Amino acid sequence: MARSGRGRLDPRRDRARAAHAGAGAGGRARGRAGRLIGYRARLYCGSRFLSLRIRMRTTKLLLATVKETPADAEVISHQLMLRAGMIRKLAAGLYTWLPLGLRVLHKVERIVREEMDRAGAQEVLMPAVQPAELWQESGRWEQYGPELLRLQDRHQRDFCFGPTHEEVITDLVRRELKSYRQLPANFYQIQTKFRDEIRPRFGVMRAREFLMKDAYSFHIDAASLKETYAQMYDTYSRIFTRLGLQFRPVEADTGAIGGRASHEFHVLADSGEDAIALCDRCDYAANVELAPALPPLGKRAAPGTALMTVDTPGAHSIEEVSRHLKVPPERTVKTLLVRGTGGVVALVLRGDHELNPLKAERLPAVAKPLVFVTPGEVEVATGCEPGSIGPVGLRIPVIADESAARLADFVCGANVNGRHLINVNWGRDLPEPIVADIREVVDGDPCPSRSGECQGKLRIRRGIEVGHIFQLEKKYSEAMQASVLDENGQAVVMTMGCYGIGVSRVVAAAIEQNHDANGIIWPDAIAPFTVALVPIGYQKSDAARTATDELYRALIAAGIDVLLDDRNERPGVMFADMDLIGIPHRIVIGEKGLAAGTVEYKARNQKQVESLPLRAVGEFFRTRSAP
RNA sequence: CGGGGUGUAGCUCAGCCUGGUAGAGCACUUGCUUCGGGAGCAAGGGGCCGGAGGUUCAAAUCCUCUCACCCCGACCA
C-alpha cells in the first residue's frame with residue numbers, strides 16, 4: 001500500500017458519484033432487457049469496472065489463444081500475453097498489440113489520463129522523431145550512447161527516435177511561456193518511445209519500442225517544483241492503486257535523466273529486474289543502488305595472533321578461499337581494483353558483501369563511470385593475478401567499506417599468486433584505510449532511516465519499475481535557456497520536474513502479479529472484458545440462446561464490458577479460454593439452471609461457483625464489492 | 001561487443017552424426033459420433049527444410065559465407 005492516505009485513494013467514492021451522474025445512461029435498453037436486470041441497473045454506469053463500453057462476441061473477435069508455451073518466452077507475463085493472444089512479436093523488442101491486448105492497454109491509458117487530468121496536467125502530443133539540434137543543445141547527443149536510435153533524412157540531416165522528450169518540451173515551453181503568471185504548468189503525453197536496449201527481453205516488459213506516459217512540469221522556483229512533485233507522488237499512488245496493483249514508491253537514483261530528488265514506483269514481483277530494500281518496521285523503501293549501509297555497531301576487536309602467509313593453490317574466489325582455509329566469508333576480504341582519478345585505486349569489501357558501483361562512483365578518488373582495471377594492470381599494481389590480490393603492501397590508495405574496516409584477524413590475498421594472508425589487522429600489518437560506505441545492503445541490515453532510530457531490518461525484494469518521478473531542477477532549462485519574467489521583470493530560468501509511467505510495462509507487471517496455472521487473472525479495472533458470458537449449447541438450445549442474448553443486452557445496457565462466447569465449442573474449451581485471457585467474472589448459462597431460473601457465477605480469482613437467479617444478475621454486479 | 005545455441009508445416013519439435021528427394025503432436029478443412037474443464041474416429045489441405053554459394057550422380061543432412069532469433073557474459077580478485 002502506498003504511503004498516501006487510503007481514504008483519498010478509495011475508488012468507492014468515485015463509484016458513488018458516478019452512479020448519480022450516470023442516470024439515464026442505459027436509456028435505450030428499456031423493455032425486456034431492462035426488466036430482466038432491473039431498471040435501477042441503468043443508473044450504474046460502470047465506474048467500478050471502468051467501462052470502455054466494450055461488447056463483443058468471440059466469433060467476431062480475434063481470439064488468438066494457443067495451448068503451447070512459446071519457446072523463447074522466459075517470464076510468465078510474456079508467456080501468458082502470447083498464449084492469451086494479446087501480443088505478437090514482429091522483431092526483437094517490437095510487438096504488435098492484438099485486439100485483446102490493446103483493450104487492456106487502453107484501460108491503463110484511461111486511468112492514467114483521468115488521474116493526470118485530475119491533477120491539472122494538460123495533455124499534448126509531441127513528435128516521436130526529434131531533430132539532433134535539440135539534443136546537441138542539451139548535450140545529450142554525445143552523452144546518450146547507442147541506446148539512442150539515430151536517423152538521417154534524405155538531406156542527411158540528423159534525427160533521433162525519441163527515448164524521452166525533455167528537449168522537445170523545453171523547446172516548446174521556452175517559446176510559449178513568457179511570464180511567471182503562467183506557472184506552474186505541467187504537460188503530459190502518452191506516446192510511443194524507442195530505446196535501443198542492448199538485450200530486449202521479457203516481452204513488453206523490456207521492449208525497444210514501448211508506450212509511455214511522460215509529463216514535464218515547469219516552475220518559477222524550487223518550492224513550486226516540490227509542491228507539484230508531491231502532487232505527482234500522490235497521483236502516481238492513486239493511479240497504481242486504481243490499477244489494482246501491489247506497489248511501493250522507493251527512493252531512487254536519477255541516472256541518465258539527471259536532477260536531484262527522485263522516486264521510483266515498483267510493482268512487487270519476484271521476477272522484477274530491480275532489487276529494492278524495504279524496512280520491516282517503518283515506511284523506508286529505496287532502490288538497493290541507493291540504500292545506505294550503516295556502519296557496524298561497536299568497536300573493532302584487538303589484533304590476535306601474528307600475520308601469516310599460507311598457500312592457497314587454485315583458490316581464487318572468496319568461496320574457494322573460504323572453503324580451503326575453513327574461514328567464513330565474513331572473516332575474509334576482497335580487493336577490487338578500479339580506475340581512479342589519479343591512477344589505480346583498491347576497493348576493499350568483506351568477502352560476503354558486494355560492491356555498490358553507484359556509491360563507489362561518488363567517491364572523489366574513483367573515476368566515473370566505474371571501470372575495473374584489466375588483468376594486465378592488476379599485475380602491474382600488485383605483482384599478482386586477480387584472485388590473489390590483497391590490501392597489504394599496496395602503494396595505491398586503499399578504500400575500505402565500513403564493514404571491512406571493522407574486521408580484525410581477517411584473511412586476504414597476499415599479492416603473490418596462490419597465496420593468502422591470515423590474521424591480518426588494519427593499523428598493525430597495513431595502514432588504516434580510507435573508510436567509506438561502498439557496499440550493497442543485504443537482507444537483515446539495519447534500516448538507515450533517521451540513522452537507524454526505527455530499529456527495523458531491511459528486507460530485499462524484487463520489483464518492476466513502472467513509474468519514476470524526478471526533480472530535474474534546471475538541468476535542461478539552463479542548457480536550453482528556458483526562462484520567464486518574474487514579478488520584477490527579471491528573466492528567471494525555470495525549474496523542472498519530470499514524471500514517467502511505463503504504460504505497456506504496467507500491463508506485463510499486472511500479469512506478473514496476478515496469474516495462476518490457468519492463465520491471467522485481471523484486476524477489474526484493466527480487464528479486457530469485465531464479464532464473460534458462457535452459454536452451454538448456444539447453437540442448439542433456444543432457451544439458452546434466448547436467455548443469454550437477453551442477459552448480454554442487459555449487461556451492455558448496464559455499461560458493463562461483456563464478452564459473449566458464442567462459439568460452437570465444447571464447454572471445456574470455452575472455460576479454458578476465458579480463464580487464460582483472465583476475464584474476472586464468468587456467468588455460465590445452461591438449460592439445467594434455466595429450468596430453475598438460475599445461472600452460474602464464478603469469479604476468476606475464487607474456486608467456488610455460486611448459483612444466481614437470472615433476474616438477480618444486474619443487482620449482483622451492482623452491489624458486489626470489487627474482489 | 002565476446003562466448004554458446006537454434007533456424008524443418010501456423011505452433012511445439014523429430015529427422016542431420018552415418019547424403020537417396022520430409023515426419024509427429026497440436027492447429028486448420030470436411031463428415032460422423034460426442035457435448036459442464038482444452039473430445040473420438042475417418043478423410044483431407046499445408047513445408048522449394050532461413051538465404052546464397054560450393055562438394056556430390058544425388059544435399060534438410062557435408063563445407064563456406066550470410067541473415068535472423070534465443071541464451072550467457074560488463075562483480076574472478
Side-chain angles (χ1 to χ4, degrees), chain A residues 63-74 78-79 82-83 85 88-94 145-146 198-203 312 314-322 329 332-338 344 346-349 351-358 360 369-375 377-379 381-391 394 411-420 438-440 517-519 534-541 544 565 567-581 586-593 599-600 602 607 609:
Chain A
L63 188 63
T65 55
V66 288
K67 266 192 259 188
E68 278 173 291
T69 303
D72 54 5
E74 286 179 87
H78 189 197
Q79 292 171 4
L82 289 166
R83 288 228 292 134
R88 288 291 182 262
K89 184 169 81 171
L90 178 64
L94 304 177
I198 316 169
R199 200 136 81 80
R201 55 185 143 179
F202 306 150
T312 49
H316 300 293
S317 66
I318 289 294
E319 197 191 332
E320 288 161 353
V321 170
S322 162
T332 70
V333 132
K334 62 172 98 171
T335 308
L336 314 174
L337 301 189
V338 300
V344 177
L347 303 178
V348 179
L349 291 156
D352 59 326
H353 287 153
E354 299 293 335
L355 179 69
N356 178 315
L358 271 170
L370 189 81
V371 181
F372 286 86
V373 302
T374 63
E377 291 171 288
V378 169
E379 193 102 39
T382 65
C384 71
E385 291 166 15
S388 303
I389 311 176
L394 290 183
V411 172
C412 67
N415 295 323
V416 178
N417 286 340
R419 295 207 167 166
H420 278 75
I438 53 172
R439 73 174 171 95
E440 208 92 88
N518 293 332
V534 182
I536 306 296
Y538 186 75
Q539 317 278 352
K540 297 229 178 86
S541 155
D565 200 344
R567 293 176 298 175
N568 191 16
E569 282 288 359
R570 303 160 63 80
V573 172
M574 296 194 280
F575 294 155
D577 272 344
M578 293 305 110
D579 281 355
L580 176 59
I581 67 177
R586 186 185 77 192
I587 291 177
V588 178
I589 303 104
E591 272 188 320
K592 274 178 255 168
V599 293
E600 180 188 295
K602 181 179 174 299
K607 269 227 155 66
V609 169

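What you see is a predicted model, and the numbers here were worked out from it, not measured in a lab. Throughout, a chain's letter reflects where its sequence line sits, starting with A, and its residues are numbered from 1.
Using a 4.5 Å cut-off on side-chain heavy atoms (C-beta onward), Arg439(A) and Glu354(A) make no contact. Within the 4.5 Å cutoff, the side chain of Thr335(A) has no heavy atoms near those of the Thr382(A) side chain.
Within a 6.0 Å radius of CD in Glu319(A), other residues, nucleotides and ligands contribute 12 heavy atoms or fewer.
The residue among Leu337(A) and Lys540(A) whose nearest nucleotide of RNA chain B lies closer to the 5′ end is Lys540(A). Nearest-nucleotide assignment on RNA chain B puts the 5′-proximal partner with Phe202(A), out of Ile389(A) and Phe202(A).
The gap from the P atom of rG51(B) to that of rG47(B) amounts to 14 Å, rounded to the nearest Å. Distance check on atom P: rC32(B) versus rG46(B) gives 24 Å, rounded to whole Å. A gap of 15 Å separates the C1' atoms of rU12(B) and rC70(B), to the nearest Å. With both ends at atom P, the span from rC41(B) to rA24(B) equals 15 Å, rounded to whole Å.
Within the shown strands, nothing qualifies as a pairing partner of rA60(B) under the Watson-Crick or G-U definition with both distances less than 3.5 Å. Using the Watson-Crick or G-U wobble rule with both distances under 3.5 Å, rA42(B) pairs with rU30(B). Summarising the base pairing, rG37(B) is matched to no nucleotide, lacking a Watson-Crick or G-U wobble pair whose two defining distances lie under 3.5 Å. Pairing of rA9(B), defined by two Watson-Crick or G-U wobble distances under 3.5 Å, is not identified with any nucleotide. Using N1 to N3 plus N6-O4 or O6-N4 for Watson-Crick, or N1-O2 and O6-N3 for G-U wobble, each under 3.5 Å, rG73(B) pairs with rC1(B).
For Arg201(A), whose side chain is taken as the heavy atoms from C-beta onward, the closest listed nucleotide among rU12(B), rA77(B), rC71(B) is rC71(B).
Of the possible polar contacts, none joining the Arg419(A) side chain to the Thr312(A) backbone as a donor-acceptor pair under 3.5 Å is found. In this structure, Asn417(A) contributes its side chain and Cys384(A) its backbone to no donor-acceptor pair below 3.5 Å. A donor-acceptor pair is defined here as one N or O able to donate and one able to accept, closer than 3.5 Å; such a pair exists between the side chain of Ser388(A) and the backbone of Gly418(A).
Here the C1' atom of nucleotide rA74(B) and the CD atom of Glu354(A) are 14 Å apart, to the nearest Å. Look at CZ on Arg439(A): it is 17 Å from P on rA77(B), rounded to the nearest Å. Atom P of nucleotide rC75(B) and atom CD of Glu320(A) are separated by 18 Å, given to the nearest angstrom. Atom CD of Gln79(A) is separated from atom C1' of rC11(B) by 15 Å (rounded to the nearest Å).
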What does the list of N/O pairs under 3.5 Å between the protein and nucleotides 36-46 of chain B look like, with a distance for each?
residue: rG36(B); atom: N1; partner: Glu600(A); partner atom: OE1; Å: 3.0
residue: rG36(B); atom: N2; partner: Glu600(A); partner atom: OE1; Å: 2.3
residue: rG36(B); atom: N2; partner: Glu600(A); partner atom: OE2; Å: 2.4
residue: rG37(B); atom: O6; partner: Arg586(A); partner atom: NH1; Å: 2.7
residue: rG37(B); atom: O6; partner: Arg586(A); partner atom: NH2; Å: 3.0
residue: rG37(B); atom: N1; partner: Asp579(A); partner atom: OD2; Å: 2.9
residue: rG37(B); atom: N2; partner: Asp579(A); partner atom: OD2; Å: 2.5
residue: rG38(B); atom: O2'; partner: Lys67(A); partner atom: NZ; Å: 3.1
residue: rG38(B); atom: N1; partner: Asp577(A); partner atom: OD1; Å: 3.2
residue: rG38(B); atom: N2; partner: Asp577(A); partner atom: OD1; Å: 2.8
residue: rG38(B); atom: N2; partner: Asp577(A); partner atom: OD2; Å: 3.3
residue: rA39(B); atom: OP2; partner: Arg570(A); partner atom: NE; Å: 3.2
residue: rA39(B); atom: N9; partner: Arg570(A); partner atom: NH1; Å: 3.4

